[in-house]
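The analysis underlying the following values was restricted to heavy atoms, covering all of them including side chains, and did not include hydrogens, waters or symmetry mates. None of the values given here were measured: they were computed from a predicted structure.
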Amino acid sequence: MQVMKRKVADIDRITNGCSEAFEFSDLMDVQNKLREKVELNFLDFDELETIAGIDVSYIDEEALGIVVLLDRELNLIQVLSHRERVNFPYIPGFLAFREAPVILKCFEQLEKLPDLAVFDGQGIAHPRGLGIASHVGVLLGIPTIGVAKSRLHGYCEQPKQVGEATVLRNERGEKIGYCYMSKPKTKPIIISPGHKCDADSALSIVKRLIKGYKLPEPVRLAHYYSQKLKSGI
DNA sequence: GCGACAG
DNA sequence: ATCTTGTCGC
């Protein structure tokens with residue numbers, strides 16, 4: 001637990017950042033508290049009207065948040081963005097403390113929240129069950145799903161066939177998501193529910209959001225615009 | 001003490 | 001995430 005005593009500020013100094021002097025134990029307390037509010041229930045894709053995709057890119061010391069809004073047929077409705085200085089370093093397991101601020105600023109621009117938000121990162125497949133998808137999902141009170149390009153927590157068999165999904169389980173053997181090969185000859189993606197959604201619903205929904213690419217459309221488009229806007233500045 | 005470690 | 005062009009393979 002000694003390492004957990006280290007102040008984020010210490011790491012911040014090393015990373016040339018400028019985060020608050022929070023301690024890991026405090027950050028973990030926040031996560032454990034929010035974790036209690038996570039709800040895992042069935043979510044029907046056919047009931048969704050609008051779906052959002054979120055991504056964040058960086059420009060030196062600034063973060064550029066992007067939220068793309070899609071309709072049920074995955075047509076682009078609008079793109080929201082917000083750019084601001086980041087004051088927190090990237091620390092595995094604490095990504096939300098770095099990216100949630102700018103993401104929330106994007107959502108504030110919406111008059112009506114989406115029926116589902118898909119994140120680039122983990123949902124409950126996290127050491128304390130609160131990846132960025134769950135974290136923001138609880139703060140906004142809307143259904144969310146996490147789609148990561150690599151694993152952070154949990155173990156599973158490697159899918160070998162395209163379209164094959166293997167169960168991702170935590171150390172207690174509980175199902176916390178799926179490892180899914182969405183495209184031929186590509187590394188499988190890690191799918192886990194964020195909030196107001198369960199693992200099976202998350203897998204089912206993500207499958208319907210994939211249109212020929214490795215990543216589901218909401219996240220793929222968010223990343224696309226994230227990079228595009230950044231270069232156009 | 002060592003390894004793991006989303007974006 | 002980001003720094004970066006070409007290139008090997010399906």
Side-chain angles (χ1 to χ4, degrees), chain A residues 1-4 6 8 11-12 14-17 19 24 27-28 31 34-35 53-67 81 83-104 106 117-137 144-156 160-162 168-171 176-195 202 206 212-216 218-220 222-231 233:
Chain A
M1 296 306 106
Q2 292 292 32
V3 64
M4 293 309 176
R6 290 182 60 188
V8 170
I11 291 179
D12 216 23
I14 298 174
T15 59
N16 193 37
S19 71
F24 281 113
L27 301 179
M28 291 170 79
Q31 296 181 319
L34 289 176
R35 171 67 186 84
I54 294 80
D55 189 49
V56 178
S57 61
Y58 296 87
I59 310 169
D60 295 322
E61 302 292 285
E62 297 191 313
L64 173 63
I66 293 289
V67 169
S81 68
R83 184 180 173 179
E84 66 178 28
R85 183 184 176 75
V86 282
N87 58 358
F88 200 93
Y90 166 65
I91 303 172
F94 299 91
L95 178 64
F97 293 100
R98 175 177 169 78
E99 304 193 334
V102 70
I103 290 173
L104 292 175
C106 293
V118 186
F119 290 75
D120 190 345
Q122 315 294 342
I124 63 171
H126 175 279
R128 288 164 292 289
L130 196 88
I132 191 168
S134 299
H135 192 128
V136 177
T144 62
I145 292 175
V147 176
K149 296 182 289 297
S150 60
R151 183 195 67 81
L152 168 68
H153 189 70
Y155 295 92
C156 64
K160 298 174 181 178
Q161 300 292 316
V162 183
L168 178 68
R169 297 176 183 288
N170 61 17
E171 55 290 334
I176 56 175
Y178 284 97
C179 183
Y180 179 64
M181 187 178 277
S182 57
K183 185 179 180 180
K185 292 148 191 173
T186 59
K187 185 178 178 182
I189 57 179
I190 305 297
I191 302 168
S192 65
H195 184 47
V206 169
Y213 296 91
K214 171 179 177 176
L215 297 173
V219 169
R220 189 180 73 80
H223 185 263
Y224 171 77
Y225 285 106
S226 174
Q227 295 298 311
K228 182 180 180 182
L229 259 79
K230 191 177 68 170
S231 61
I233 293 178

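Taking atom NE2 on H153(A) and atom C1' on dG7(B), their separation rounds to 18 Å, with Å as the unit.
H126(A) pairs by the side-chain contact (heavy atoms from CB on, under 4.5 Å) definition with Q31(A), R128(A), L152(A), not counting sequence neighbours. By the salt bridge (Lys or Arg N to Asp or Glu O under 4.0 Å) test, K149(A) is found to be paired with D120(A), residues two or more places apart in sequence or in another chain being considered. For the side-chain hydrogen bond (donor to acceptor under 3.5 Å, both in side chains) test, residues two or more places apart in sequence or in another chain that qualify with Y58(A) are R98(A), E99(A). The ring pair (Phe, Tyr, Trp, His ring centres under 6.0 Å) test applied to H135(A) returns F97(A), not counting sequence neighbours. Taking E62(A) as the reference, R83(A) meet the side-chain contact (heavy atoms from CB on, under 4.5 Å) condition, with sequence neighbours excluded. Applying the side-chain contact (heavy atoms from CB on, under 4.5 Å) test to S81(A) and every residue at least two apart in sequence or in another chain returns L64(A), I66(A), L229(A). With sequence neighbours excluded, no residue forms a salt bridge (Lys or Arg N to Asp or Glu O under 4.0 Å) with R151(A). By the side-chain contact (heavy atoms from CB on, under 4.5 Å) test, S150(A) is found to be paired with K187(A), residues two or more places apart in sequence or in another chain being considered.
With pairs defined as Watson-Crick or G-U wobble and both atom distances under 3.5 Å, not a single stem of at least three pairs touches DNA chain B. Every stem involving DNA chain C, taken as at least 3 paired positions in a row under the Watson-Crick or G-U wobble test at 3.5 Å, would be listed here, but there are none.
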Between the protein and nucleotides 4-6 of chain B, which nitrogen or oxygen pairs are less than 3.5 angstrom apart?
unit_1, atom_1, unit_2, atom_2, d
dC5(B), OP1, R151(A), NH2, 2.5
dA6(B), OP2, Y90(A), OH, 2.5
dA6(B), O4', Q122(A), NE2, 3.3
dA6(B), N7, G93(A), N, 3.0
dA6(B), N6, G93(A), O, 3.3
dA6(B), N6, F94(A), N, 3.3
dA6(B), N6, L95(A), N, 3.1
dA6(B), N1, I132(A), N, 3.1
dA6(B), N3, Q122(A), N, 3.1

Could you list, one pair per line, each protein nitrogen or oxygen that sits under 3.5 Å from a nitrogen or oxygen of nucleotides 2-6 of chain C, together with the distance?
unit_1, atom_1, unit_2, atom_2, d
dT2(C), OP1, Y58(A), N, 3.2
dT2(C), OP1, K230(A), NZ, 2.7
dT2(C), OP2, Q227(A), NE2, 3.4

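Looking at heavy atoms from C-beta onward, L215(A) lies in side-chain contact with V147(A) at the 4.5 angstrom threshold.
Surrounding CD of Q161(A) are at most 12 heavy atoms belonging to other residues, nucleotides or ligands under 6.0 Å away.
Residues R35(A) and G129(A) approach most closely at CD-O, 3.0 Å, considering heavy atoms.
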I132(A) and I103(A): side-chain contact (heavy atoms from CB on, under 4.5 Å), yes or no, with the steps? CA-CA 10 Å; I132(A) 191 168; I103(A) 290 173; 4.0 Å; yes

